[in-house]
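Below is one structure, written out as structure tokens; the observations come after it.
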There are 2 protein chains.
Amino acid sequence: MWTTRLLILGLVRWLQPVHGYDVLKELTSWNAEDWAKIKPGSVYHGLKKLTTDGCLEVVSTEQVDKRPARTSYRVTAKGETEFQQVLREKLWGIEPVVDPFFVAWSFAPVLGPREAAAMLRNRAALITAQMRQNLAWLDVADSGDPTAGSFIPGHVQEAMRLATDAMRLTVDWCERVAVRAENGELGFDDERGYSEETIEHWRRHIRTLPDPATLRSSLRRGVDEGE
Amino acid sequence: MWTTRLLILGLVRWLQPVHGYDVLKELTSWNAEDWAKIKPGSVYHGLKKLTTDGCLEVVSTEQVDKRPARTSYRVTAKGETEFQQVLREKLWGIEPVVDPFFVAWSFAPVLGPREAAAMLRNRAALITAQMRQNLAWLDVADSGDPTAGSFIPGHVQEAMRLATDAMRLTVDWCERVAVRAENGELGFDDERGYSEETIEHWRRHIRTLPDPATLRSSLRRGVDEGE
DNA sequence: CAAGCGATAGTCAACGTTGAATAAAAAGTA
DNA sequence: TACTTTTTATTCAACGTTGACTATCGCTTG
């Protein structure tokens, strides 16, 4: 994906000279593994690919003691051009967003009206919880004393605000559609309803919300003294 | 991605017995290449993988004349179990949505306040146009005479409605943030503004909206007689 | 009637992604 | 002090994705 490549190129450009692990740490502090689905293995591959493509160059390969060698990179002129080019191509264009939920939702009629409604209400609850975390996060970012600065750039805060509003929308949608499902207005096959126990069974197998502590740790960097 | 696998499994389950090309055609009629980012190559691979995993089985391999042989599939008991299992796992759980725009947006400060504002307004315009197409689409689905039926299932219509509302939200966000960017409230570096010409240059290189005809053809199946 | 084009039906090599493995130092803990 | 866990730093084989390719049939169009 271009997202992986742009993210790496942009981070090297910003932090240069850097080695892979530092890029990785920065990405982790951005929580990018979540919202950009980028994994460690891809970062190292990306750095090597960008290098063979002439967008990055190796600054040094230092070895301290017996630890693994660290290779440092910096962007070349070609890399800078590609960065500017791709950044604008992606910002000025539009691209459909894939919400994996709606892939599964295509087959929602299989659930039948009762389970579908229960599922949607469960979803509303989960998303509401996430939304609250976002709101708390934005609260901290807002009220962080402006001198020390809350290290969360304004444009990132705005992105978070949009995400939060989108969640609110989704929650309302879930509740509205749950009602429609129950009322048989979506044409779901009534025969296939599942018992309360089945639903409880599935509910138990669901991954819970990401640990609030995880989220907070990614925040720590900016608000350490805030507690 | 699990989306590819579930989509294929679900479609074979629904259309069985089917061969690859028919699954492909169905996916195309769903416009799935857009909203699920699934490509032909992946479909054939997916069918083979699901077969070696014991979720599908080959019904027949018929050869008509000298045309390429068509392999037909049907789901096994194991496949049915996996379908039910995965479907619920994904519907009852939540998973972060990746909006590639926000990957690029991370580097928005590079644009400077002027280009950022112009970019956001351009984005608002593009998304507004898409939104109008969605609204027109929903209009047709709504007013399609209920006897012949508009062949667009209620739950799909609802999904489209949410997507449309999310677009409205995004458009407002773009316009609001454009103003903030211009007012220097986002801390973008002022030095890096780009001239009108540069902006015009980039604008010219941007992919335009998907051809309305494409969208309409995916609709044809349901509303052929509507024109 | 030949040429061209789209639909039919699928294969495959090249590429990107990812989980797992490696391995040593530093930090925590009993 | 001895033990375990975490952090540092990266490699790699296995797997999934994708664009490009093959090849035939049927339909239109000049």
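None of the values given here were measured: they were computed from a predicted structure. Sequence lines set the chain letters: A, B, ... in the order given, protein chains first and strands last, and positions in each chain run from 1.
Atoms NZ (B:Lys48) and C1' (C:dA9) sit 11 Å apart, rounded to a whole Å. For the pair A:His45 NE2 and C:dG19 C1', the computed distance is 16 Å after rounding to whole Å. Rounded to an integer number of Å, the gap from CG of B:Leu24 to P of C:dA9 is 11 Å. The CE atom of B:Met1 sits 12 Å away from the C1' atom of C:dG16 (whole-angstrom rounding). Distance OH (A:Tyr21) to P (C:dA24): 17 Å, rounded to an integer number of Å. Rounded to an integer number of Å, the gap from CG of B:Leu47 to P of C:dC12 is 15 Å. Regarding A:Lys39, its NZ atom lies at a distance of 18 Å from the P atom of C:dA21, rounded to whole Å. Rounded to whole Å, the distance from NE2 on A:His19 to C1' on D:dA9 is 7 Å.
Within the structure, every side-chain polar atom (N or O) of B:Lys25 is placed at least 4.0 Å from both OP1 and OP2 of C:dA9. Considering only side-chain N and O atoms, B:Ser42 lies under 4.0 angstrom from the phosphate OP1 or OP2 of D:dT18. Note on B:Lys49: a side-chain N or O is less than 4.0 Å away from OP1 or OP2 of D:dG16. Residue B:Tyr44 places no side-chain N or O under 4.0 Å from the OP1 or OP2 atom of C:dT11. At least one side-chain nitrogen or oxygen of A:Thr4 sits closer than 4.0 Å to the OP1 or OP2 atom of C:dT17.
A cation-pi arrangement is present between B:Arg123 and B:Phe101 under the rule of less than 6.0 angstrom and at most 45 degrees off the ring axis.
B:Leu111 is listed as a side-chain neighbour of A:Leu87, based on a closest heavy-atom distance under 4.5 Å. For the pair B:Lys37 and A:Glu95, the minimum side-chain heavy-atom distance is below 4.5 Å.
Residue contacts shown for A:Gly41 include a base, since a base heavy atom lies under 4.0 Å away.
Taking the charged nitrogens against the carboxylate oxygens, A:Arg13 and A:Glu82 have no contact shorter than 4.0 Å, which rules out a salt bridge.
In terms of position on DNA chain C, the residue among A:Asp53 and B:Thr71 whose nearest nucleotide sits closer to the 5' end is B:Thr71.
A distance below 6.0 Å separates the ring centres of A:Trp105 and A:Trp173.
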